[in-house]
Amino acid sequence: MIYPCIVIGAGAAGLFFGAVSENGNGGLVLEKKSRPAIKLMLSGNGQCNITHDGSIKDFIPCYGENGKRIRSCLYKYSNSSLMEFLRENDVPVTVREDGKVFPRSMKAHDIVNMLLRKTGDNGFSLLCSTEAKGIRRRADGLWQVETPAACYLCRKLILAGGGCSYPGTGSDGSLLELLARDLQIRVVTPHPALTPVNVCGYPYRCLSGISLKDVQLRVLRSGRKIAEDTGDLLFTHTNLSGPLVLNIAKEITKNDEIVLNYLYPCDKTSILDKINNAAMEKSSLLNALAKELQLPKNFLRRLLERSGESTKKLAQLLTEDRFTVHSVCGFEKAMVTCGGIALSEVDPKTMECKRYPGLFVIGELLDIDGRTGGYNLQFAYSSACAASSASLANPAATR
């Protein structure tokens, strides 16, 4: 049996490919885990932040330096296109004030169920507990996928096996190793992205769950600033997290220095004046500071303990709280992978491998990672649409 198309990976990108590939001849979807879309079901704490609202032009910087290389793909298959696709298939969406887009039900399984249904309607069969162990292109131009139980042949092969993040869901990097071995495809060394950061002497265990808005974070290496961002910071029981830390984590390494300004853009001098004004109030210093600085009392209480109630020390902690990085959390906590198949290996308009006609790479398997906020699932959709359009432009023969 020669399949028109085989998709390796039944995650977001693989299922998007199956769901948008109408008027084709279907094919086979191979998934190494016992069930599909495990990571997609977990996304957004089970609520699935599927994309972001706003102009697609604003998406490009959210993918870092590689963003401009996928501009054509994103523009053609944009966030508005994705939202319309969901609505047309009975998954209405809602847009939060921060621009994040979710299914209106706030349930990831509504999206997963729709993608599985559409993939089946388009003629694709799903085969779980089936891991690709070898890939080669035969002399007759067919692609051969080897698994522990059987070999499968196809005319078009779609690689959608994910990166290395959340390895328990199936995206453990093994497909990247296989492609480098069997096809000599260049792989940019993967490392964790969108992940929390552990710091030495972490003092905020008691504040787990408290978040602060509009915090500035600077990363210093040997005294030189290498990265800076502003956003929402979350204290967990063990480390620093939240969008601010997640988005900058891939720039951070062990022994870097993190400097936090909780009252950005205010500096130490202006905050010292506010602290002194609060100290003159008749109410307790803690209550006066909470009113003056608009910060949570539990957080201010911990800073007062750390400062010994020295106003100068308190002003410094509020605007220049310094920590040495102990470690960046690994792939088991990373939301996405930085690195993967080099973009130079594919045509960014079609996602087809330049050296291997009929071989397409989509989603997180590529060296593309976006900020938190729906950008990575957007790329899964955009790249899947690009590959589907290109592969269907030259339809494979029926089985």
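No hydrogens, no waters, no symmetry mates; every other heavy atom, side chains included, goes into these values.
If you check the side chains of Thr372 and Asn247, you find no donor sitting under 3.5 Å from an acceptor. Between Ser284 and Asn287, the side chains place a donor N or O and an acceptor N or O closer than 3.5 Å (distance only, hydrogens not considered). Between Ser270 and Asp267, the side chains place a donor N or O and an acceptor N or O closer than 3.5 Å (distance only, hydrogens not considered).
More than 12 heavy atoms of other residues, nucleotides or ligands shown are found within 6.0 angstrom of CZ on Arg138. Annotation for Lys333: atom NZ does not count as buried by contact number, only 12 or fewer foreign heavy atoms lying within 6.0 Å. Within a 6.0 Å sphere centred on CG of Asn45, heavy atoms belonging to other residues, nucleotides or ligands number 12 at most. Counting non-hydrogen atoms of other residues, nucleotides and ligands closer than 6.0 Å to NZ of Lys354 gives a total above 12. Around atom CZ of Arg181, more than 12 heavy atoms belonging to other residues, nucleotides or ligands sit under 6.0 Å away.
The backbone N or O of Cys128 lies less than 3.5 Å from a partner atom in the side chain of Thr130, making a donor-acceptor pair. Using modelled atom types, no side-chain atom of Asn198 and backbone atom of Asn239 make a donor-acceptor pair closer than 3.5 Å. Listed for the Asp256 side chain is no donor-acceptor partner under 3.5 Å among the backbone atoms of Arg221. In this structure, the side chain of Ser391 engages the main chain of Ser388 through a donor-acceptor pair within 3.5 Å. In terms of modelled atom types and a separation under 3.5 Å, the side chain of Asn49 and the main chain of Gly44 share no donor-acceptor contact. Distance alone, capped at 3.5 Å, is enough to place a donor-acceptor pair between the Ser43 side chain and the Leu40 backbone. Glu352 places a side-chain N or O within 3.5 Å of a backbone atom of Gly358 that can act as its donor or acceptor partner. Remark: the backbone N or O of Leu115 is paired with a side-chain donor or acceptor of Thr119 at under 3.5 angstrom. Side-chain atoms of Ser307 come within 3.5 Å of backbone atoms of Glu309 as a donor-acceptor pair (strictly under, hydrogens ignored). Between the side chain of Tyr356 and the backbone N or O of Ile185, no donor-acceptor pair lies under 3.5 Å.
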- Task: Dump the intermediate steps for side-chain contact (heavy atoms from CB on, under 4.5 Å) on Leu289 and Leu295, then the final yes or no.
- Result: CA-CA 8 Å; Leu289 285 173; Leu295 289 172; over 6 Å; no
- Query: Could you go step by step and tell me if Gln47 and Lys107 meet the side-chain contact (heavy atoms from CB on, under 4.5 Å) rule?
  - Reply: CA-CA 5 Å; Gln47 297 178 341; Lys107 295 178 180 178; over 6 Å; no
- Item | Test side-chain contact (heavy atoms from CB on, under 4.5 Å) applied to Val328 and Thr253, step by step | CA-CA 7 Å; Val328 177; Thr253 60; 6.0 Å; no
- Task: Applying ring-ring contact (aromatic ring centres under 6.0 Å, His included), run through Phe17 and Phe360 and close with a yes or a no.
- Result: CA-CA 11 Å; Phe17 179 90; Phe360 298 81; 7.6 Å; no
- Output, in order, the C-alpha distance, side-chain angles, deciding distance and verdict of side-chain contact (heavy atoms from CB on, under 4.5 Å) for Lys156 and Tyr3. CA-CA 8 Å; Lys156 304 286 177 69; Tyr3 290 92; over 6 Å; no
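Nearest heavy atom pair, residue Met83 against residue Thr51, reads CG-CG2, 4.0 Å. Nearest heavy-atom pair, Leu365 versus Ala160, reported as atom, atom and distance to 0.1 Å: CD2-N, 4.4 Å. Among all heavy-atom pairs drawn from Asp172 and Pro167, the shortest one is CB-CB, 3.9 Å. Contact record, Glu131 with Pro148: O-CD, 3.3 Å, taken as the closest heavy-atom pair. Counting all heavy atoms, side chain and backbone alike, Ala334 lies closest to Pro192 at CB-CB, 3.7 Å. A pairwise comparison of heavy atoms in Glu364 and Ser165 identifies OE2-OG, 3.0 Å as the closest pair.
Considering CG of Leu74 and CD1 of Ile60, their distance stands at 5.0 Å, rounded to 0.5 Å. A distance of 14.0 Å separates CD of Glu257 from CZ of Arg224, quoted to the nearest 0.5 Å. Atom CG in Asp121 sits 13.0 Å away from atom OG in Ser21 (nearest 0.5 Å). Atoms CZ and CG, on Arg301 and Leu285 in that order, are 11.5 Å from each other to the nearest 0.5 Å. Here the OG1 atom belonging to Thr236 is positioned 10.5 Å from the CG atom belonging to Leu207, to the nearest 0.5 angstrom. Note: Cys73 SG to Tyr381 OH = 10.0 Å, rounded to the nearest 0.5 Å.
No option in Arg371, Arg218, Lys250 other than Arg371 meets the salt bridge (charged side-chain N to carboxylate O under 4.0 Å, His left out) test with Asp229.
Looking at heavy atoms from C-beta onward, Leu194 lies out of side-chain contact with Tyr375 at the 4.5 angstrom threshold. The shortest side-chain heavy-atom distance between Leu303 and Leu318 falls under the 4.5 Å cut-off. Annotation: side chain of Ser344 is in contact with side chain of Arg69 (closest heavy-atom distance under 4.5 Å). A heavy-atom distance below 4.5 Å is found between the side chains of Phe331 and Thr337. In this structure, the side chains of Lys76 and Lys349 stay at 4.5 Å or more apart for every pair of heavy atoms. Side-chain contact between Asn23 and Leu392: absent, with no pair of heavy atoms (C-beta onward) separated by less than 4.5 Å. At least one side-chain heavy atom of Arg186 sits under 4.5 Å from a side-chain heavy atom of Val188. Leu28 places none of its side-chain heavy atoms less than 4.5 Å from the side chain of Val145.
Under the 4.5 Å side-chain contact rule for hydrophobic residues, Met280 and Leu314 do not share a cluster. Note on Phe379: it clusters hydrophobically with Val112, by side-chain heavy-atom contacts below 4.5 Å among ILVMFWY residues. Note on Leu234: it does not cluster hydrophobically with Tyr262, by side-chain heavy-atom contacts below 4.5 Å among ILVMFWY residues. Taken together through direct or relayed side-chain contacts under 4.5 Å among Ile, Leu, Val, Met, Phe, Trp and Tyr, Ile135 and Val29 form part of one hydrophobic cluster. Both Leu263 and Leu233 are part of a single hydrophobic cluster, where members link through side-chain heavy atoms under 4.5 Å apart.
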Tell me which donor-acceptor pairs under 3.5 Å the side chains of residues 86-94 have, and how far apart each pair is, sequence neighbours excluded?
residue, atom, partner, partner atom, Å
Asn89, ND2, Phe85, O, 2.8

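In this structure, His52 and Phe59 have perpendicular ring planes: the angle between them is above 60°, well past the 30° mark.
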